[in-house]
Amino acid sequence: MGYGNLALDRIRRLASLTPTRARNAWKLQRAYVRLRKHGPIDGKALMPAGVMPMSLSIEPTTSCNLRCPECPSGLRSFTRPTGMLTTQHATPWIDDLAPWLAYVNLYFQGEPLLNTGLAQLIEACTRHGIYSSTSTNAHHLTSSRCEELIESGLKRLIVSVDGLTQQTYEAYRVGGQLHKVLEGTRTMVETKRRLGRGPHVVWQFLVVGPNEHEVKELHAQASALGVDEVVIKTAQLDDPKDGHPLLTKDPNLRRYDRDPRSGSWVLRNPMKDECWRMWQGAVVTWDGKVVPCCFDKDAEHVMGNLSMQSMAEVWHGAPYDAFRRQIFTGRSDVPMCTNCTEGTEVYA
């Protein structure tokens, strides 16, 4: 790992900012800052006319090969349909939004590499000069799949490692094999070297009680494998409480603290009536539903559907405006927001 790798990744991100995309991003930021300062005005739409999301997360599938305990894909607990995104549906979404999109993350729930058409979605992003990323548990990072991802133009590959021994790894990645993660990482790094190009490879370490003691040696192991960057992510817990097996002892490695008055475990960040996520981008499920952010895992807040509407209709529609207005007037009344990390540091 080195500063050169990080600098190259930043250059790639900036390269996606065409004049139109930069203007769009500036207008989104300006509108958001004004709203934070003055608050919403009755009868006036919160999102300015003509602007569009600057980023998009698209869900390749809700299916997953693992059984992670805090994940609805792993728990098979979705109430929404499980399915697989088809490129014939998703490619037009990217094409239509290309003038404004600077970043597309091909991940929401599930394991993206289970979708055999993933490379075609990446190619659609590459064709428009959009920075593309995806996140994987690396169990399907074979040599041929690595070549496919590289040839399609993927810019960022996030590999969830979450443990440096099989015992600590499987404490969260239930059903997974650490040796497959290491082998998949090694294969991608070696394929990059052989082809002379490839995505920025990130090791994402979800820190939980069983693996928190491994954080110090994480960078050394990542460097030995040729990983470009390490990101330490704190865990989202649906029910943090005394004795929770995933709650860390180190307060700097968790999102929650005990409330001295109630004794319950609560998010460390204050619940402010604001959220930049509502302005900069959106999430699209495998079947075209547009939801406001990645915390809406079960798609309870559907703003529209790209199978029947354009993103312009959805982005500037009444449901989205009403939801943004609620975020700025009573965010704590939205259940998914009560476990949201907006306004706190979740990456150490």
- Message: For the residue pair E111 / N137, report whether a side-chain donor-acceptor contact shorter than 3.5 Å exists.
- Response: yes
- Message: Please check this pair: side chain of K192 against backbone of P199, looking for a donor-acceptor N/O pair closer than 3.5 Å.
- Response: yes
- Task: Verify, without hydrogens or angle tests, whether H128 (side chain) and I130 (backbone) share a donor-acceptor contact under 3.5 angstrom.
- Result: no
- Y107 with I150, same ILVMFWY side-chain cluster at under 4.5 Å: no
- Query: Cut-off 3.5 Å, side chains only: do E123 and S152 have a donor facing an acceptor?
  - Reply: no
Only distances under 3.5 Å count here; give the side-chain donor-acceptor pairs of residues 39-46 to other protein atoms, sequence neighbours excluded, each with its distance to 0.1 Å.
none

- Do S135 and Q204 meet the criterion of a side-chain donor-acceptor pair at a distance under 3.5 Å? no
- Item | Main-chain N/O of K249 paired with R254 side-chain donor or acceptor, under 3.5 Å | yes
- Query: Got F205 and V231 here, is their nearest side-chain heavy-atom distance under 4.5 Å?
  - Reply: no
- Query: What class does the angle between the rings of H139 and Y169 fall in, given that below 30° is parallel, 30 to 60° is tilted and above 60° is perpendicular?
  - Reply: parallel
- Message: As a test of understanding, state which of V207, V161, T165 forms a side chain to side chain contact (heavy atoms under 4.5 Å, CB included) with E214.
- Response: T165
- Heavy-atom side-chain contact between L56 and L97 under 4.5 Å: yes
- Message: Check whether E151 reaches the backbone of E148 with its side chain - one donor and one acceptor, N or O, closer than 3.5 Å.
- Response: no
- Task: Could you tell me whether the side chains of W203 and T185 share a donor-acceptor contact shorter than 3.5 Å?
- Result: yes
- Decide whether F323 and L28 are clustered together by the hydrophobic rule: side chain heavy atoms of Ile, Leu, Val, Met, Phe, Trp, Tyr closer than 4.5 Å, transitively. yes
- Excluding Y103, membership of its hydrophobic cluster (Ile, Leu, Val, Met, Phe, Trp, Tyr; side-chain heavy atoms within less than 4.5 Å) reads Y131
- Does one side chain, of D250 or T248, offer a donor that lies under 3.5 Å from an acceptor on the other? no
- Are R324 and Y320 in a cation-pi contact, defined as NZ or CZ under 6.0 Å from the six-membered ring centre and within 45° of the axis? yes
- Scan side-chain atoms only and decide if T79 and D298 contain a donor-acceptor pair under the 3.5 Å cut-off. yes
- Query: Under 3.5 Å, is there a donor-acceptor pair between the side chain of R23 and the main chain of T18?
  - Reply: no
- Are N115 and T61 close enough that a side-chain donor and a side-chain acceptor fall under 3.5 Å? no
- Message: Assess, by modelled atom type and distance only, whether the side chains of N211 and D162 contain a donor and an acceptor separated by less than 3.5 Å.
- Response: no
- Any donor-acceptor pair under 3.5 Å linking the side chain of R21 with the backbone of A98? yes
- Item | Sequence neighbours excluded, every pair satisfying salt bridge (charged side-chain N to carboxylate O under 4.0 Å, His left out) that has a member inside residues 125-135 | D95-R127
- Return yes if some donor-acceptor pair links the side-chain N/O of S223 with the main-chain N/O of H219 below 3.5 Å, else return no. no
- Message: Is it the case that the side chain of T87 and the backbone of T91 share a donor-acceptor pair, with hydrogens and angles ignored and the cut-off at 3.5 Å?
- Response: no
- Message: Between M278 and Y32, is there a side-chain heavy-atom distance shorter than 4.5 Å?
- Response: no
- Give the cluster check for F108 versus F295: same hydrophobic cluster or not, with ILVMFWY residues linked at side-chain heavy-atom distances below 4.5 Å. no
